[in-house]
Amino acid sequence: MTRIVWVEDQSHWVERFKPTLEATDFNGSPTDVTVFKFAEAACQYIKQCPDADAPDVALLDAHMGGNSHAGLTVSRALQKRWPDLPVVYLSEHSGTDIEQAAFEQNGTLDFIAKHQRNVEAVLCWRIQAVLRQQRHQPGEIATTNSDTLRSGSLSIDTRTWEVFWQGHKLMNPTNPRRPLAPTPRKILRFLVEAAPSPLSTWQIADKLDADPERFSYANYRQHIRTLRRAFDQVEAGDGGFTDRCREGIGIVTFGDQEAYCWRPDHDLAR
């Protein structure tokens with residue numbers, strides 16, 4: 001069964017699209033569509049839903065009840081609970097700053113305009129595409145084996161949060177006898193799990209359960225600097241890893257959006 005969670009506050013859109021979705025065979029089995037009219041109800045469902053009943057795709061309205069951030073709020077909750085869940089927006093606000101925020105801050109895979117020709121068919125095509133993409137992801141960017149998260153020459157023990165690069169444990173760059181501090185290690189794990197999507201300051205603060213009023217881009221940037229220096233330390237302290245980051249490999253600055261992303265290269269090991 002294909003499970004679709006749809007957050008939409010306007011009944012006429014639900015009445016128009018839900019029968020089409022339920023009648024579409026996405027993977028050789030029936031399609032179940034669960035609709036929530038309020039972002040708060042959807043977030044509560046996300047927290048309580050058993051993993052065995054996790055949705056296959058989330059379909060979100062962007063602007064609900066006068067709140068232009070409602071869809072983004074649900075998307076954040078979805079990513080926190082199910083980081084790999086495909087998120088598709090079906091909205092009247094395509095081509096706006098809302099669409100821009102959806103792609104830049106929430107790992108959105110598609111943003112569909114409601115007012116377009118043949119929109120029912122377009123919606124089904126796009127959902128089919130993201131589900132197919134999800135089924136055929138190659139998995140070379142980050143793979144999980146038991147309690148270890150791997151990406152190229154990087155491995156992270158998901159129980160202890162210890163980080164190894166080229167077989168060597170990352171240590172505190174200011175005192176190599178001490179382990180790397182917990183926050184940089186957690187940030188690195190979040191970046192690897194989200195790859196190739198970037199994570200903004202706001203998203204990292206949410207994942208760390210940090211106060212967004214206190215956790216700033218300056219904090220984020222300092223932790224990234226510590227991580228890069230720890231990688232450099234493993235590579236004989238020559239700054240090679242940091243140089244590659246500037247070239248777009250490793251822990252990479254994402255434009256001017258106060259975000260970073262993990263971009264592995266299988267030729268990084270030297």
Look at the side-chain heavy atoms of Ile, Leu, Val, Met, Phe, Trp and Tyr, link any pair under 4.5 Å apart, and say whether [X] and [Y] land in one connected group.
| X | Y | answer |
| --- | --- | --- |
| Tyr217 | Leu188 | yes |
| Ile112 | Leu59 | yes |
| Phe164 | Leu170 | no |

Open item on the list: What I want to find out is whether Lys207 reaches Glu193 closely enough, with some N-O distance under 4.0 Å, to be called a salt bridge.
Closed with: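 Salt bridge between Lys207 and Glu193, a charged N being under 4.0 Å from a carboxylate O: no.
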
Open item on the list: What I want to find out is whether Arg16 reaches Glu120 closely enough, with some N-O distance under 4.0 Å, to be called a salt bridge.
Closed with: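 Yes, this pair counts.
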
Please answer whether the main-chain N or O of [Y] pairs with a side-chain N or O of [X] as donor and acceptor at a distance below 3.5 Å.
| X | Y | value |
| --- | --- | --- |
| Arg76 | Trp202 | no |
| Arg189 | Thr158 | yes |
| Thr24 | Phe26 | no |
| Asp157 | Thr160 | yes |
| Arg185 | Val163 | no |

Open item on the list: Walk me through whether His223 and Phe215 qualify under side-chain contact (heavy atoms from CB on, under 4.5 Å).
Closed with: CA-CA 11 Å; His223 290 307; Phe215 190 88; 4.1 Å; yes

- [ ] Quick one: list whatever passes ring-ring contact (aromatic ring centres under 6.0 Å, His included) with Phe17, sequence neighbours left out.
- [x] Trp13

- [ ] Could you pull out all residues at least two apart from Phe231 that satisfy ring-ring contact (aromatic ring centres under 6.0 Å, His included)?
- [x]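 ring-ring contact (aromatic ring centres under 6.0 Å, His included) list for Phe231, sorted by chain: Trp165, Phe241.
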
What's the spacing between [X] [atom1] and [Y] [atom2] if we round to 0.5 Å?
| X | Y | atom1 | atom2 | value |
| --- | --- | --- | --- | --- |
| Ser91 | His115 | OG | NE2 | 9.0 Å |
| Glu8 | Glu15 | CD | CD | 11.0 Å |
| Thr31 | Glu22 | OG1 | CD | 8.0 Å |
| Asp53 | Gln48 | CG | CD | 12.5 Å |
| Lys80 | Lys47 | NZ | NZ | 8.0 Å |
| Thr242 | Leu227 | OG1 | CG | 10.0 Å |

Task: Listed partners of Val5 passing side-chain contact (heavy atoms from CB on, under 4.5 Å), at least two apart - done: Phe36, Tyr45, Pro55

TODO: Please test Thr2 against Asp56 for side-chain hydrogen bond (donor to acceptor under 3.5 Å, both in side chains), starting from the C-alpha separation and ending with a verdict.
DONE: CA-CA 6 Å; Thr2 299; Asp56 297 291; 4.8 Å; no

Task: Steps toward side-chain contact (heavy atoms from CB on, under 4.5 Å) verdict (Leu154, Leu149) - done: CA-CA 8 Å; Leu154 176 71; Leu149 179 67; over 6 Å; no

Note, [X] side chain near [Y] side chain (heavy atom, < 4.5 Å):
| X | Y | result |
| --- | --- | --- |
| Ser216 | Arg221 | no |
| Leu78 | Leu60 | yes |
| Ser155 | Arg150 | yes |
| Ile4 | Val57 | yes |
| Leu191 | Ile224 | yes |
| Trp125 | Asn118 | yes |
| Tyr260 | Val252 | no |

TODO: Take Ile187 and Leu208 through the test side-chain contact (heavy atoms from CB on, under 4.5 Å) and record every step on the way to the result.
DONE: CA-CA 8 Å; Ile187 288 175; Leu208 292 172; 4.2 Å; yes

Which atom of [X] lies closest to which atom of [Y], heavy atoms considered:
| X | Y | result |
| --- | --- | --- |
| Gln233 | Pro176 | OE1-CG, 3.4 Å |
| Ala70 | Ala39 | O-CB, 4.0 Å |
| Thr226 | Pro173 | O-CG, 3.7 Å |
| Gln222 | Arg225 | OE1-NH1, 2.7 Å |
| Met64 | Gly71 | CE-N, 4.1 Å |
| Asp232 | Gly240 | OD1-N, 3.5 Å |

Can you name the side chain to side chain donor-acceptor pair (under 3.5 Å) partners of [X], sequence neighbours left out?
| X | value |
| --- | --- |
| Trp161 | none |
| Arg229 | none |
| Thr20 | none |

Open item on the list: Before you tell me yes or no, could you show the steps for Lys114 and Leu90 under side-chain contact (heavy atoms from CB on, under 4.5 Å), namely the whole-Å CA-CA distance, both residues' side-chain angles and the distance that decides it to 0.1 Å?
Closed with: CA-CA 6 Å; Lys114 288 176 177 174; Leu90 178 63; 3.8 Å; yes

